[in-house]
Amino acid sequence: MTQRIGIMGGTFDPIHIGHLVTAQEVYERFDLDKVIFMVAGKHPLKQRHVTPAGQRLEMVEIAIRDNPHFEASDYEVKRKKVTYTVDTLRHLHNVYPEDVEFYFITGADALFEIIEWKDAHELAEMTILVGATRPGYTIEQAQQRHEHAEEKFDIRYLEVPALAVSSTDVRHRVEQGRDVRYLVTDGVADYIRAHNLYTGK
Ligand code: NAP
């Protein structure tokens with residue numbers, strides 16, 4: 001039987017319940033064997049300050065620890081240089097048997113740019129893409145863009161109401177001294193507090 005593995009790619013600064021619901025939804029919808037949370041390491045374009053990768057990874061590990069179908073990978077975090085998604089998928093294709101099907105899951109707005117990502121043509125052959133959309137996000141623009149693109153990506157869009165939560169909102173709330181209970185897991189909320197993250201200090 002062909003294995004189907006989800007790769008949940010993101011910065012996760014921090015991981016919140018929207019990410020967890022998305023991963024679980026994709027796990028069930030596509031009958032996956034497991035979902036690997038691939039925490040992004042160095043980012044070529046991010047303007048804002050990003051929490052050190054080791055801490056983002058620890059929060060992911062805490063958030064997923066009670067789900068036997070989820071695991072976290074330190075592959076991108078451990079690499080010293082910028083990692084592109086195509087590098088990660090090449091690595092995964094080397095590690096797993098040849099017939100494994102990968103489902104790369106991320107925000108639909110990130111996937112909007114995918115045509116410009118490194119070695120996009122190769123990426124299109126290596127993975128099915130799942131674009132998780134927030135409430136209010138319309139996919140028409142993205143669909144049109146991909147219709148006219150040379151690279152033919154297999155993209156499945158999935159609306160996830162729980163993505164009304166965002167990492168940006170969680171960070172802002174902490175900075176304003178507000179409670180992030182119910183937006184992140186209790187373990188992640190404790191971690192944010194213990195490490196004094198997002199306070200702006
Ligand atoms: P981002 O620009 O920080 O996020 C874009 C949007 O997608 C945000 O609204 C974000 O919401 C949401 N999002 C991010 N990850 C998500 C996930 N797994 N599930 C649902 N929503 C998600 O994007 P990013 O986190 O830096 O990058 C996303 C993925 O694309 C990463 O794996 C990254 O390595 C990859 N990427 C690759 C390239 C390349 O190869 N050239 C370029 C860019 C990105 P939240 O802030 O709430 O998460």
Side-chain angles (χ1 to χ4, degrees), residues 5-27 29-30 32 35-51 53 56-57 59-60 63-64 70-79 81-92 102-124 126-139 142 151 153 155-174 180 183-185 188 192 197-198:
I5 298 180
I7 309 298
M8 183 76 175
T11 302
F12 303 120
D13 194 14
I15 184 164
H16 53 68
I17 55 135
H19 297 130
L20 297 168
V21 171
T22 301
Q24 182 62 25
E25 185 81 20
V26 178
Y27 172 78
R29 178 79 63 100
F30 298 100
L32 303 183
V35 177
I36 302 172
F37 283 70
M38 185 59 67
V39 179
K42 276 199 171 59
H43 198 288
L45 301 170
K46 282 254 179 325
Q47 303 292 330
R48 65 171 181 84
H49 165 78
V50 177
T51 304
R56 289 185 283 110
L57 175 64
M59 288 191 277
V60 167
I64 67 172
F70 290 175
E71 65 184 55
S73 170
D74 62 3
Y75 174 71
E76 293 190 2
V77 166
K78 281 221 165 125
R79 279 170 60 109
K81 46 187 181 173
V82 169
T83 306
Y84 298 95
T85 299
V86 72
D87 302 326
T88 302
L89 277 152
R90 280 184 193 132
H91 163 74
L92 292 167
F102 289 107
Y103 288 70
F104 185 78
I105 314 154
T106 195
D109 30 0
L111 290 185
F112 185 74
E113 310 287 336
I114 200 167
I115 296 160
E116 283 140 36
W117 288 10
K118 186 181 166 214
D119 298 337
H121 57 283
E122 194 182 336
L123 201 50
M126 285 199 291
T127 183
I128 294 163
L129 298 162
V130 183
T133 69
R134 295 208 139 90
Y137 183 92
T138 47
I139 60 170
E151 297 82 10
F153 289 97
I155 307 187
R156 324 283 172 92
Y157 292 95
L158 191 71
E159 194 184 318
V160 184
L163 278 176
V165 179
S166 72
S167 297
T168 308
D169 179 46
V170 171
R171 292 194 303 272
H172 285 162
R173 280 173 188 261
V174 176
V180 291
L183 302 178
V184 300
T185 65
V188 171
I192 291 172
L197 300 181
Y198 313 124

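First listed ligand is number 1; within each ligand, the first listed atom is number 1.
When non-hydrogen atoms are compared, ligand 1 lies under 4.0 Å from the side chain of H19 (C-beta onward) but not from its backbone.
Distances below 4.0 Å separate heavy atoms of M8 from the following atoms of ligand 1: 17 (C), 18 (N), 19 (N). Within ligand 1, the atoms closer than 4.0 Å to a non-hydrogen atom of I105 are 18 (N), numbered from 1 in the order shown. Close approach to S166 involves these atoms of ligand 1, each under 4.0 Å from a residue heavy atom: 47 (O). If you number the atoms of ligand 1 from 1 as listed, the ones under 4.0 Å from a heavy atom of Y84 come out as 39 (C), 40 (O), 41 (N). Ligand-side atoms of ligand 1 in range of G10: 15 (N), 25 (O), 31 (C), 32 (O), range being under 4.0 angstrom from any heavy atom. The atoms of ligand 1 that sit less than 4.0 Å from any heavy atom of G9 are 15 (N), 16 (C), 17 (C), 18 (N), 28 (C), 29 (C), 31 (C), 32 (O).
Heavy atoms of M38 come nearer than 4.0 angstrom to ligand 1 in no pair at all. Residue-ligand proximity: H16 is placed with a non-hydrogen atom under 4.0 Å from ligand 1. At least one heavy atom of F104 sits closer than 4.0 Å to an atom of ligand 1. Heavy atoms of R134 approach ligand 1 to within less than 4.0 angstrom.
Heavy atoms of other residues, nucleotides or ligands lying less than 6.0 angstrom from NZ of K78 number 12 at most.
Going from atom NE2 of H16 over to atom CG of L163 covers 6.0 Å, rounded to the nearest 0.5 Å. We find the CD-CZ distance between Q24 and R29 to be 12.5 Å, quoted to the nearest 0.5 Å. Rounding to the nearest 0.5 Å places OG1 of T22 at 8.5 Å from CZ of R134. In this structure, CG on L111 lies 12.0 Å from CD1 on I139, to the nearest 0.5 angstrom.
Note on ring orientation: taking the six-membered ring where Trp is involved, the planes of W117 and F104 are perpendicular (angle over 60°, cut-offs 30° and 60°). Using cut-offs of 30° and 60° on the angle between ring planes, the pair F37 and F12 is tilted.
Considering T11, L163, T85, D169 only, the shortest heavy-atom separation from atom 24 (P) of ligand 1 involves T11.
The N/O atoms of T106, backbone and side chain alike, include one that comes under 3.5 Å of an N/O atom in ligand 1. Close N/O approach between S167 and ligand 1 is found [any backbone or side-chain N/O within under 3.5 Å].
A donor-acceptor pair is defined here as one N or O able to donate and one able to accept, closer than 3.5 Å; no such pair exists between the side chain of S73 and the backbone of I36. Between the side chain of T127 and the backbone N or O of F102 there is at least one donor-acceptor pair closer than 3.5 Å.
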